[in-house]
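These numbers were taken from a predicted model, which means no experiment stands behind them. Heavy atoms only: backbone and side chains are in, while hydrogens, waters and symmetry mates are out.
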Amino acid sequence: MSSAEPWQTAEVSGPKKSAVITKPAMVRAVINRARHPVLLIGNRAASLDIVEKKFVDYLIDLALVHKIPVIATGHVNKALRDRGYTSAIIMPAVEAGQRIADPLWHGLHGRGPCDLAIIAGMPYPMEWTLLSGLKHAAPHTKTISLDNTYQPNATWSFGNLSIKDWQEHLTAITVETAPEGPADV
Amino acid sequence: MLRLTEKKIALTIKELDSGFGRIRDLSVSIGKLSTGEWTEPEGPTPFPTLATLRAWDRKLLSRYQPFYMPFCDLCCMCTFGKCDLTGTKKGACGITMPAQQARTVLLTACVGAATHTSHARELVTYAIKRAGRDCIIEPGGNAIGVEAPVIRLVCGEKPQTLADLETILDYCESQITSLLAATHTGQEGDSLDFESKVLHAGMIDQVGMEVADLAQISALGYPKADPDAPLAALGMGTVETSKPVILVIGHNVPPSVAIIDYLARENITDHVEVTGICCTSIDASRYSPRAKIIGPMSWQLRYIRSGIPDVIVVDEQCVRTDAFSEASAAGTPFIATSDKNCMGLPDRTDDPADAIVMDLADGRQKGVLILDPEKAGEVAVRVARAVMPARRKSQASANPESIREKAAECTQCNLCQRACPNDLAIPHAMKSAGDGDLSLLSSLYDTCIGCGRCEHACTKEIPVHSLIISAAADKIKNEKYVIRSGRGAIQDIEIRNVGGPIVLGEIPGVVAFVGCSNFANGGKEIAEMAVEFAKRRYIVVTSGCAAMSIGMYRDDEGKNPYERFPGSFTAGGLVNVGSCVANAHIAGATIKIASIFARRNLRGNYAEIADYVHNRVGAVGVAWGAMSQKAAAISSGFWRLGIPVVVGPHGTKYRRMLLGRADRDADWYVCDQRTGEEVYAGPAPEHLFVAAETKEEAMVLIAKLCMRPNDTSRGRAMKLSNYIDLYQRNNGVMPDDIPRYIRTMTDIPVTLKGDISRILSQSDWKERPIPDPTLFRHNKPVSTEEH
């Protein structure tokens, strides 16, 4: 399987497909360039195992290291709180998508519309459709999918990764390389 | 008096002296009865056409704006294309992506509405043949005065006999044709105008469904609005395999009725099992509680492959298109009965039953098409009895060793998992099964939707789905449940009893669990939600496949929801109205609240009543496993009434949501009819169509979406109490939007007084009046409202 094939075989999109993230440093660079990034954490993040931690643990690290505000979808907020992360905004994923797509949205903290949405941990087809909505309706917003299954509608997506490679990529983004400067959130 | 409306003529002569004689009290109707005795004044919009209710639709769509999530970047609908519509690109015809998505949603809704309306046409024709044109429409005897709330509201007609329903269907068919025409390349290009037509399709769908169910209730003697409709058996484990077994699949009940009638005529009812999948089984159980329901659509493959059915009869809708080839593989004789679903089979309609029975029983023909329900019924019974003894001798189930051997062939290529809609970890379960542990394979059964895509993806031709159901054989044997037969409409007295508490908010809401079984995490979730809301004293209503999934559940004490909760339309009730077409009774109940409780005129008065329902009746639809175009049409009908619908994660594939923006205060003003002033009423309800990612998120949304501007303080406090409790339970914190829902301090639930007062004091909350709400500006008639 190519790393740029949609994980669900039939979920092909069209001419505009996401670029595969081959170097985690690229994600860091994109985050650093963003003025108003947001991290959407879906419910599956709480149950997906990545070696000795859950996916949600890496995502919390990402939010803290890069100071990215979090939208908790599904009911993942409980898992966030269990880990001491208490500042997430709770919102259904499609509602978050609609607001991100609005170029006049005041943003999570009133500082302007979102220009980077990092999405992870949702059911594959739901994340697929949500990213499609943003691809078409939010030209002002870049998107990144951090699941280990290729999402063709993101601007950038991890490819179809083994757990080991996924862990290495996430670790590289969240721990081993510090951001060069905080994003304006 | 001579009345001319639409295609109909009614001539009444009180007294006439003429050269050829004297005539008194002559009444002649052509095409439609005279509704002269119905004194209710006619409203502004009887028989609305495509743009009649556009102003109302625009009101809803300005508040609940579409958020499109295209399923494909392209339009492939004409030879100009394919056209890439990515982002702001336009197609060769000039269409944009939002318009194309809305157009696709309209097509989907049209398919659904056409399906129900076609079904209704067939049922009305069948019912007239069976009971006569003058058969009185009687959904509930003396218990029901408003016999057809949707038809009254939309068409401005009061149907009395089966023949009257034909005219109503003429209208539906003309509207669906026009709606479909609107999707042709090169005309409508505005997404909101497409969306308005989606709502129109949904409203027409409600009419078609009401016609269908009124016809079958009236002609077939189904339970008539009976809260104590009998319990029917549900589940594969209930089938007595010592008897010949007939399986009916689909939605259109006449062949099932013919089977049951033939068994009764031959006095062999006790000797043959009539079992069914999908809504035709629900309707068969309304006709005879002895008919058994196997389960929703997702049970088709597993039941056909079990070899238990001795003959399979299919009608229309939600029948697997490979049902015949699956039946052939299982060696099961097959009868198709609908001209919409011929399945490539030879038409034996005009042949003698004896000859068809012989050919099917001997295996000379594996399947036949019989477009005569009575003949199909007779053939089905006779074939089942003829083939059953030999079939029972030849059946052998897979043993653990054979499952292990097959599973060991798995190469772990992951293609099965990548084909699975629910991303089930099939390769992992296969590896484990290959090593001799079948438990993981068995556990997949709980969340498998039975599509079979895993098998078609497998390069080693492993019968993946069959292995899953073989590994789960013990679970299947124990599928022994009950379901309350579909009761049909809601009684007027029930509406009188609950109308006030619902409108005032003191019954926290009406939650309708409807739709298909495309569940992301198994049917258990919809049952758990239904039980949760029934326990919280909401009125829980259900229909179709959702009603079956609710029945396939036992709580910690081993109780089935239908045994635990009453079937009456009351707080804490669990009301199964019936099959898909019975969904019209759910919409009908909300409309009847406006009519019976609030004494609003229904007749051709759609926008006013929808405004009433939207602002006052705390109803929410939940289509947790919605899959079909029919489910899309049903949802669209609820939207036009201003009733929100929640879908599961797969529901995002319907391509768009209708979402409110709670953060924009200006969107949530209503007119207070007492003062004529515009009043902030809060985002109630916040969305019209929203997908939830998890069951827990859905429950929070349901509780929140039950709030309405009209709630009294007592009612709002009760609704808030449920919302906050569910929110805290599932998210671990208090919701951050509480100030938006508190109008006065008396709205605050007593037990949360301290916490909420603190929240309010830390916000810019100000007390505001509780309005007598309407979306229409004071004293301004609907037809003159600007868009």
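Side-chain atoms of A/His136 and B/Gln101 form no donor-acceptor pair, as typed in the model, at a separation below 3.5 Å.
Heavy atoms closer than 4.5 Å to chain B are found nowhere in A/Leu131, neither backbone nor side chain. Residue contact with chain A, scored on non-hydrogen atoms closer than 4.5 Å, involves the backbone and the side chain of B/Ala691 alike. With a 4.5 angstrom heavy-atom cutoff, A/Asp102 touches chain B only via side-chain atoms. Only the side chain of B/Arg664 comes within contact range of chain A, judged by heavy atoms closer than 4.5 Å. In this structure, the portion of B/Leu701 lying under 4.5 Å from any heavy atom of chain A is its side chain and not its backbone. For chain A, the nearby parts of B/Ala662 are the backbone and the side chain; heavy atoms of each come within less than 4.5 Å. Heavy atoms of B/Tyr68 lying under 4.5 Å from chain A belong exclusively to its backbone. For a residue to count as touching a neighbouring chain, one of its non-hydrogen atoms must lie under 4.5 Å from one of that chain's; by this rule B/Pro421 touches chain A with the backbone only.
Between A/Arg44 and B/Asp423 there is a side-chain heavy-atom pair separated by less than 4.5 Å. Side chains of A/Ile90 and B/Val733 form a contact here, defined as non-hydrogen atoms less than 4.5 Å apart. You'll find the side chain of B/Met69 stays beyond 4.5 Å of the side chain of A/Trp128, heavy atoms only.
Interface check for chain A: of the options B/Asn731, B/Asp736, B/Asn730, the most heavy-atom pairs under 4.5 Å are formed by B/Asn731. The residue among A/Lys78, A/Gln8, A/Gln98, A/Arg81 with the most heavy atom pairs within less than 4.5 Å of chain B is A/Gln98. Counting heavy-atom pairs closer than 4.5 Å to chain B, the top-ranked of the candidates A/Pro123, A/Ala10, A/Pro15, A/Gly42 is A/Pro15. With chain B as the partner, the residue from A/Pro125, A/Gly74, A/Ala138 showing the most heavy-atom pairs under 4.5 Å is A/Gly74. Options A/Val12, A/Thr149, A/Asn43 differ in how many heavy-atom pairs under 4.5 Å they form with chain B, and the most are formed by A/Asn43. The choice from B/Arg661, B/His650, B/Lys89 that makes the most heavy-atom pairs within less than 4.5 Å of chain A is B/Arg661. Top candidate by heavy-atom pairs under 4.5 Å with chain B, chosen from A/Ala137, A/Ser132, A/Gly14, is A/Ser132.
Separation of atoms CE (A/Met126) and OG1 (B/Thr694) is listed at 9.0 Å; rounding is to 0.5 Å. Taking OG1 from B/Thr86 and NZ from A/Lys17, the interatomic distance works out to 12.0 Å, rounded to the nearest 0.5 Å. Put simply, NZ on A/Lys135 and CE on B/Met97 are 7.5 Å apart, with the number rounded to the nearest 0.5 Å. Atoms NE2 and OH, on A/His75 and B/Tyr727 in that order, are 13.0 Å from each other to the nearest 0.5 Å. Here CG of B/Asp663 is found 4.5 Å from NE2 of A/His106. Values are rounded to the nearest 0.5 Å.
Not one N or O on the side chain of B/Glu693 forms a donor-acceptor pair closer than 3.5 Å with the backbone of A/Ala93. Of the possible polar contacts, none joining the A/Thr129 side chain to the B/Lys653 backbone as a donor-acceptor pair under 3.5 Å is found.
For NE2 of A/His140, the number of neighbouring non-hydrogen atoms (other residues, nucleotides, ligands) closer than 6.0 Å is greater than 12. The neighbour count for A/Lys54 NZ, taken as heavy atoms of other residues, nucleotides or ligands under 6.0 Å away, is above 12.
Looking at A/Glu5 and B/Arg418, a side-chain N of the basic residue comes within less than 4.0 Å of a carboxylate O on the acidic one, giving a salt bridge.
Among B/His687, B/Met657, B/Arg656, the single residue meeting the side-chain contact (heavy atoms from CB on, under 4.5 Å) criterion with A/Val94 is B/Met657.
Here the closest non-hydrogen pair linking B/Phe67 and A/Ala101 is CE1-CB, 3.9 Å.
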